[in-house]
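Here the structure comes first, spelled out in structure tokens, and everything after it is commentary.
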Protein chains: 2
Amino acid sequence: MKSNIKLVIVDDQMLVQQGMKKLFDAHSHIEVVYQASNGIDVISWFKENKGIQVDVVLMDIQMPGMDGWETTELLTRKFPNLKIIGLSSYDNEAFIDRFLKCGGRGYLLKVQDITEIIDAIEQVVELGFYVNERVPLSKIQGFIDKKVIQNTFNTTDLTNQQIKIVQLICQEKTSQEIADILFLSKKTVESHRDKILLKTNSKNMAGIVLYAIKHQLISI
Amino acid sequence: MKSNIKLVIVDDQMLVQQGMKKLFDAHSHIEVVYQASNGIDVISWFKENKGIQVDVVLMDIQMPGMDGWETTELLTRKFPNLKIIGLSSYDNEAFIDRFLKCGGRGYLLKVQDITEIIDAIEQVVELGFYVNERVPLSKIQGFIDKKVIQNTFNTTDLTNQQIKIVQLICQEKTSQEIADILFLSKKTVESHRDKILLKTNSKNMAGIVLYAIKHQLISI
DNA sequence: AAAAAAGTAAGTGTAAACCCTTATATTGAA
DNA sequence: TTCAATATAAGGGTTTACACTTACTTTTTT
């Protein structure tokens, strides 16, 4: 087992960020070399500290501004060997898949014990990824094989136009209003709605709104 | 300032719970006497340890099972002098009001720095409540004056019937389907929908779904 | 105890949402 | 580069949702 693991922590919640730092202080083989509250700060830190060795990044996923997905995608593009573990409150398959697509090597929940997090860090250093019930080996392997990192911003199977329409539906706009905003005919908006219902497996706009929240097309 | 503050921590996210414990270890005037992951455990701990002095409880609000609101309501009923501070990721006025209604003495966000949390704990011990931008003195005073704790489960201004209908709308049920489920006429369900739209300030069911999420009438 | 307010129930009418089909443009894969 | 798949665009027809109104009942306030 690697004796001195260099770790970077990213979490917008200071409580979590500072608490984690303290927790790792009790584990001498893991050294927190940097901690940040947002994606922008980590990206610039990595730019300014290219020489510094970093083994693992613990990346919060839900953050305002540049979120954990986007940050992970940018970082893995620049540093393909960087092992980034996602940290989230949500046990949501769409979130996990999206994170792995962005180049993540594992996914942890905040409900999990610190010992599991330590395990994940050690495993990701040794094997390159962290496998558990939520993230089976097959899934990781699938993403590694495909050499993904492409189209990651398209978090859903919806087109950009459809995503815009979903967001406007969530703002309680009618098809006519959406048509006026996007310079389309009301009928075109309605045919997009049809496709959206089909793709999101919804029966009506209630389902669309819930889908938008689960896939973070809107924030609450 | 009180020299030795006895603190209880409640948070389902082990990372936060254990991290906070470590953070408080560095502040000798605050002693963590108990920590729990859920409402049930705290309630039983208080029952079994009636003699033990507890000054402040830091209570996570979003927890599975018995949440922070319910737990706070039950605890303040049994121990009216207990100072419970709410801890949440969400800066949501409906959440704050509901928490104060349940007997909470302050509301903190997880993004806030540990120093602010320490301040809150000290202030709540000295003054009995914690005031900040989100929770102005007037609001706290309002709840203290009214000697609230009543009807707290009615988190919104919706009636039970209307809440049921909202939940069914979120399950993509039509008015006819809701009528069949609740043994009402379709027309009655529709008149409830009207009232719901009015009360929730919504234009259509998209607004109702978002309201339901923000007021935790459904979980995502 | 009376008055006011709000819940429950239900009707009519209109507008919007949803369902299905067709046509063209664009993109992606063989 | 041609074929296939999908996005975009838009139509008709049906169902559902929403707006407004009335009536009776229950709850709350004075």
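Keep in mind it's a predicted model, so treat the numbers as computed, not measured.
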| Side-chain N or O of A/Ser175 closer than 4.0 Å to phosphate OP1/OP2 of C/dA16 | no
| Of the listed nucleotides C/dT8, C/dC18, D/dC18, the one nearest the side chain of B/Asn204 | D/dC18
| From B/Asn49, B/Ile43, B/Val42, residue fulfilling side-chain contact (heavy atoms from CB on, under 4.5 Å) relative to B/Phe46 | B/Val42
| field | Under-4.0 Å side-chain N/O to phosphate OP1/OP2 contact, A/Thr159 with D/dT8 | value | yes
| To 10°, what angle do the rotation axes through the five end pairs on each side of the helix from C/dA1-D/dT30 to C/dA30-D/dT1 form? | 60°
| query | Do B/Thr188 and B/Ser191 have side-chain atoms, one donor and one acceptor, less than 3.5 Å apart? | reply | no
| task | Find the distance A/Lys173:NZ to C/dA17:P and express it as a whole number of Å. | result | 12 Å
| task | State whether a side-chain donor-acceptor pair under 3.5 Å links B/Gln53 with B/Asp55. | result | yes
| note | Sorted by number, residues from residues 185-193 of chain B placing a heavy atom under 4.0 Å from DNA chain C are B/Ser185, B/Lys187, B/Thr188, B/Ser191, B/His192
| message | Determine whether B/Glu190 and B/Lys187 satisfy the following criterion, salt bridge (charged side-chain N to carboxylate O under 4.0 Å, His left out), listing intermediate values before the conclusion. | response | CA-CA 5 Å; B/Glu190 288 192 329; B/Lys187 280 291 144 193; 2.7 Å; yes
| field | Test side-chain hydrogen bond (donor to acceptor under 3.5 Å, both in side chains) applied to B/Asp180 - qualifying residues, sequence neighbours left out | value | B/Gln176
| Flag side-chain contact, heavy atom, 4.5 Å: B/His215 against B/Thr200 | no
| field | Whole angstrom value for the distance that separates P of C/dT14 from CD of A/Gln176 | value | 19 Å
| field | B/Phe99 and B/Tyr107 aromatic ring geometry - parallel, tilted or perpendicular at 30°/60° bounds | value | perpendicular
